[in-house]
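As structure tokens, the structure follows; a few thoughts come after it.
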Amino acid sequence: MPTFIRARRALVALFLSGALLATTAACGSDGSQSLTTSSDATPTSSASFEQQRLAKTRFVANAGLAAGATYQWIIKPYREGKFKKGADGRTFALVKAGLAGAFTYNRLKAAVNNAKGDPLLSKAVAPLTAGIESLKDLGTKLRKGEAGDADVGAFEDVINNVKDAGKSAGAEVVEKVPSTSQLGGG
């Protein structure tokens with residue numbers, strides 16, 4: 001019986017590799033056609049609409065993750081006093097806040113990139129880039145325990161501004177708390 005199973009597996013593998021080879025050979029170019037670059041291609045109105053819709057969707061997803069991480073692991077623990085010296089779980093809270101700060105910065109940069117695909121959203125988000133850039137080193141400050149009221153307030157202000165900009169452009173941002181593994185990049 002085991003010999004039959006091995007033979008069947010070998011036959012299936014042979015069939016699948018043949019099918020894969022046949023499909024890749026069919027996709028090849030015969031050299032008589034020229035490849036078009038993205039600047040040569042003209043998008044259709046439906047493609048442009050889909051691109052804009054996806055830009056808003058991606059913006060909302062990235063900004064929502066940034067907002068959720070900021071609230072869950074920076075603002076909420078700070079208000080609860082978990083960053084104060086002598087607080088139970090302070091080190092763990094600071095490390096998570098540092099990771100959340102870096103994660104928030106990364107997701108906000110991605111959201112700004114996504115916003116470029118939609119003209120209205122792009123105009124709404126453009127003034128916020130300086131505020132987002134100001135968050136770059138705050139993750140490290142949080143992790144080291146050097147962040148104060150102004151630093152935590154900066155996160156909250158930037159997130160609120162991004163949410164307002166999205167809402168004004170028809171892309172309402174809803175907070176979505178990322179998992180701990182997402183914070184660590186895993």
Side-chain angles (χ1 to χ4, degrees), residues 38 48-186:
S38 60
S48 178
F49 174 75
E50 282 295 314
Q51 193 174 28
Q52 288 178 2
R53 196 172 120 234
L54 289 176
K56 281 186 176 181
T57 303
R58 289 178 179 156
F59 170 82
V60 168
N62 283 317
L65 285 169
T70 299
Y71 179 74
Q72 184 69 29
W73 287 296
I74 298 173
I75 296 169
K76 187 176 163 186
Y78 184 79
R79 288 181 180 160
E80 293 173 352
K82 292 189 178 186
F83 296 163
K84 292 181 180 177
K85 289 189 180 191
D88 286 339
R90 177 178 186 255
T91 303
F92 188 61
L94 288 173
V95 169
K96 275 183 131 177
L99 289 172
F103 179 84
T104 296
Y105 173 75
N106 180 287
R107 293 298 85 205
L108 288 175
K109 292 292 283 183
V112 168
N113 262 354
N114 298 141
K116 292 177 183 175
D118 182 69
L120 184 60
L121 191 56
S122 180
K123 288 177 186 174
V125 174
L128 305 176
T129 55
I132 292 169
E133 280 300 315
S134 71
L135 300 179
K136 189 174 187 175
D137 297 324
L138 288 182
T140 306
K141 283 179 83 173
L142 284 166
R143 198 171 349 157
K144 291 181 178 180
E146 300 169 353
D149 288 339
D151 298 319
V152 173
F155 271 104
E156 193 169 22
D157 291 343
V158 168
I159 291 297
N160 287 336
N161 290 339
V162 168
K163 287 169 107 177
D164 291 342
K167 189 173 185 176
S168 72
E172 191 164 347
V173 176
V174 179
E175 290 179 11
K176 182 178 181 332
V177 178
S179 68
T180 309
S181 63
Q182 284 176 310
L183 282 183

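Scope of the values below: all heavy atoms of this structure, side chains included, with no hydrogens, waters or symmetry mates.
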TODO: Kindly indicate, with the supporting measurements, whether the criterion side chain to side chain contact (heavy atoms under 4.5 Å, CB included) is fulfilled by Thr57 and Asn114.
DONE: CA-CA 9 Å; Thr57 303; Asn114 298 141; over 6 Å; no
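- Note on Lys163 versus Glu172: no salt bridge recorded, every NZ/NE/NH1/NH2 to OD/OE distance being 4.0 Å or above.
- Residue Ala165 comes nearest to Leu121 through the heavy atom pair O-CD1, 4.4 Å, listed as atom of the first residue, atom of the second, then distance.
- The closest side-chain heavy-atom distance from Leu108 to Val162 is below 4.5 Å.
- Pairing each heavy atom of Asp118 with each of Ala55, the nearest pair is N-CB, 4.1 Å.
- Nearest approach of Ala124 to Ser168, heavy atoms of both residues: CB-OG, 3.9 Å.
- Residue Leu183 comes nearest to Pro178 through the heavy atom pair CD2-CG, 4.3 Å, listed as atom of the first residue, atom of the second, then distance.
- In this structure, Leu99 and Thr180 have side chains that are not in contact, with every pair of non-hydrogen atoms separated by 4.5 Å or more.
- How far CG of Leu135 is from CG of Asp157: 9.5 Å, rounded to the nearest 0.5 Å.
- For residues 105-117, the set of pairs meeting the salt bridge (charged side-chain N to carboxylate O under 4.0 Å, His left out) definition, not counting sequence neighbours, comprises Lys109-Glu133.
- Classification of Glu80 and Lys82 as a salt-bridged pair holds, one side-chain N sitting under 4.0 Å from a carboxylate O.
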Open item on the list: The test is side chain to side chain contact (heavy atoms under 4.5 Å, CB included); show your working for Trp73 and Val177 and say whether it passes.
Closed with: CA-CA 9 Å; Trp73 287 296; Val177 178; 3.6 Å; yes
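- Nearest heavy atoms, Arg90 versus Gly86: CD-N, 4.2 Å.
- Applying the ring-ring contact (aromatic ring centres under 6.0 Å, His included) test to residues at least two apart or on different chains, the pairs with a partner in residues 80-117 are Tyr78-Phe83.
- Here the CG atom belonging to Leu94 is positioned 12.5 Å from the NZ atom belonging to Lys144, to the nearest 0.5 angstrom.
- Counting only distance, with no hydrogens or angles, the side chain of Ser122 and the backbone of Pro119 share no donor-acceptor pair below 3.5 Å.
- No donor-acceptor distance shorter than 3.5 angstrom exists from the side chain of Asn62 to the backbone of Phe59, with no hydrogens or angles considered.
- Counting only heavy atoms from C-beta outward, the side chains of Val158 and Leu128 never approach each other to under 4.5 Å.
- In this structure, Lys141 and Asp151 approach most closely via the heavy-atom pair NZ-OD2, 3.3 Å.
- Contact check for Phe155 versus Leu142: side-chain heavy atoms found under the 4.5 Å cut-off.
- Legend: salt bridge (charged side-chain N to carboxylate O under 4.0 Å, His left out) pairs involving residues 61-79, not counting sequence neighbours, sorted by first then second residue: Arg79-Glu156.
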TODO: Determine, stepwise, if the pair Val112 / Ile132 fulfils side chain to side chain contact (heavy atoms under 4.5 Å, CB included).
DONE: CA-CA 9 Å; Val112 168; Ile132 292 169; 3.4 Å; yes
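- Gln72 places no side-chain N or O within 3.5 Å of a backbone atom of Ala69 that could act as its donor or acceptor partner.
- Between the side chain of Thr70 and the main chain of Ala66, a donor-acceptor pair closer than 3.5 Å is present.
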